[in-house]
Amino acid sequence: MADNNTVMVDERLGHIAFIMDGNGRWATKRMLPRTVGHKYGAENFKKIVKYCGKIGIKAVTVYAFSTENWGRPKNEVDTIMNLLSQYLDTCEEEMKIHGIKYKFLGDMSVFTPELREKIARVEEISKDNSLLLNVAINYGSRAEIVHAFNALAREGKKEITEKDVSDALYTAHCPDPDLIVRTGGDIRLSNFLLWQAQYSEFYFTDVLWPDLTTDNIDEIVREFYSRKRRYGKV
Ligand code: FPP
């Protein structure tokens with residue numbers, strides 16, 4: 001049963017994606033190291049995913065680490081990798097309580113064997129659950145598209161259809177996002193889901209990721225439902 005002020009969604013909002021931006025600025029504003037912002041960001045990510053499940057969203061995708069993020073200072077990269085590793089350790093319990101089905105999007109080959117093993121295990125043990133959570137790590141949309149084209153080339157495809165490409169992307173298991181939300185004030189996609197965003201709605205907010213609340217999600221959902229999606233038609 002929903003709380004009084006809680007929105008509930010229907011099939012029109014099946015998949016929501018988040019660009020979780022603003023962790024660094026959140027920390028800097030408090031005169032804390034940027035890495036602390038990522039810790040709070042990771043906590044908020046867990047809270048927001050659960051709330052999305054509670055209001056009836058079927059699939060959530062988050063941009064946790066891009067192919068470009070390796071260029072950040074080593075201690076920041078290490079912090080995010082540690083947060084990811086710690087997060088993976090909590091997934092088994094979380095999935096039992098919240099019915100989460102985990103998928104990791106991106107090129108996993110760069111990660112340590114230990115991390116890759118954890119990822120594979122979490123995906124395997126959660127595969128029959130219903131709340132899909134795609135976590136994009138070492139993800140870049142152009143790299144994903146090139147990866148898909150190469151897979152199709154290896155199969156010997158001469159004529160490639162849009163469906164072939166969609167089916168060869170890391171997101172082949174789920175529909176395109178209905179809504180892409182970016183926190184942190186910037187208005188761009190930053191190499192996230194370029195193919196999949198064909199008819200996604202966009203929502204940009206100045207709120208920094210660690211500050212994003214469940215009330216904000218309610219507002220975002222209401223705004224989504226006020227939009228008229230025409231898919232190029234009249
Ligand atoms: C963008 O904020 C955020 C990231 C590059 C990393 C996102 C990571 C997390 C939320 C935590 C780890 C995730 C998991 C799944 C455990 P920014 O650093 O670019 O912020 P800024 O724009 O204020 O500098």
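Start at 1 and go down the list; that is how both ligands and their atoms are numbered.
Residues Y63 and N191 bring no donor and acceptor atom of their side chains to less than 3.5 Å of each other. A donor and an acceptor atom, one from each side chain of Q198 and E162, are nowhere located under 3.5 Å apart. Side-chain contact check for Y203 and E223: no donor-acceptor pair (N or O, by modelled atom type) lies under 3.5 Å. Side-chain contact check for T35 and E76: no donor-acceptor pair (N or O, by modelled atom type) lies under 3.5 Å. There is a side-chain donor-acceptor pair under 3.5 Å between H173 and N134. A donor-acceptor contact under 3.5 angstrom links the side chains of S66 and N69, judged on distance only.
Ranking the protein heavy atoms by distance from atom 13 (C) of ligand 1 puts A64 CB, 4.1 Å first. The single protein non-hydrogen atom nearest to atom 15 (C) of ligand 1 is F45 CE2, 3.6 Å, given as residue, atom name and distance. Nearest to atom 9 (C) of ligand 1 among the protein's heavy atoms is N23 ND2, 3.7 Å. Annotation: atom 4 (C) of ligand 1 to nearest protein heavy atom, H38 CE1, 3.9 Å. Closest to atom 3 (C) of ligand 1, if we only count protein heavy atoms, is M20 O, 3.2 Å. From the protein, the heavy atom lying nearest to atom 5 (C) of ligand 1 is N69 OD1, 3.5 Å.
No salt bridge links K101 with E123; every basic N to acidic carboxylate O contact stays at or beyond 4.0 Å.
At a 3.5 angstrom cut-off on N or O pairs, W209 does not count as close to ligand 1. For Y87, no nitrogen or oxygen atom sits less than 3.5 Å from a nitrogen or oxygen atom of ligand 1, counting backbone and side chain alike. Checking only distances, D21 does come within under 3.5 Å of ligand 1, N or O to N or O. On a distance-only criterion, L84 and ligand 1 share no N/O pair closer than 3.5 Å. Considering backbone and side-chain N/O atoms, G22 comes within less than 3.5 Å of an N/O atom of ligand 1. Below 3.5 Å of separation, one finds an N or O of R72 facing an N or O of ligand 1.
In terms of the salt bridge (Lys or Arg N to Asp or Glu O under 4.0 Å) criterion, D176 has no residue partners (sequence neighbours excluded). By the side-chain hydrogen bond (donor to acceptor under 3.5 Å, both in side chains) test, Y199 is found to be paired with no residue, residues two or more places apart in sequence or in another chain being considered.
Every atom of ligand 1 is numbered from 1 in the order shown, and the set under 4.0 Å from a heavy atom of R34 is 17 (P), 18 (O), 24 (O). Each of the following atoms of ligand 1 lies closer than 4.0 Å to a heavy atom of G41: 10 (C). The ligand atoms of ligand 1 that sit less than 4.0 angstrom from a heavy atom of R25 are 21 (P), 22 (O), 23 (O).
Checked against the 6.0 Å centroid criterion, the rings of F65 and W70 qualify as a close aromatic pair.
Under the 4.0 angstrom criterion for non-hydrogen atoms, F65 is not in contact with ligand 1. Heavy-atom separations between G184 and ligand 1 are all 4.0 Å or longer.
Checking each of I137, L84, V110 against L115 for a side chain to side chain contact (heavy atoms under 4.5 Å, CB included) leaves exactly one that passes, namely L84.
In the candidate list S85, A42, P210, A42 is nearest to atom 12 (C) of ligand 1, counting heavy atoms.
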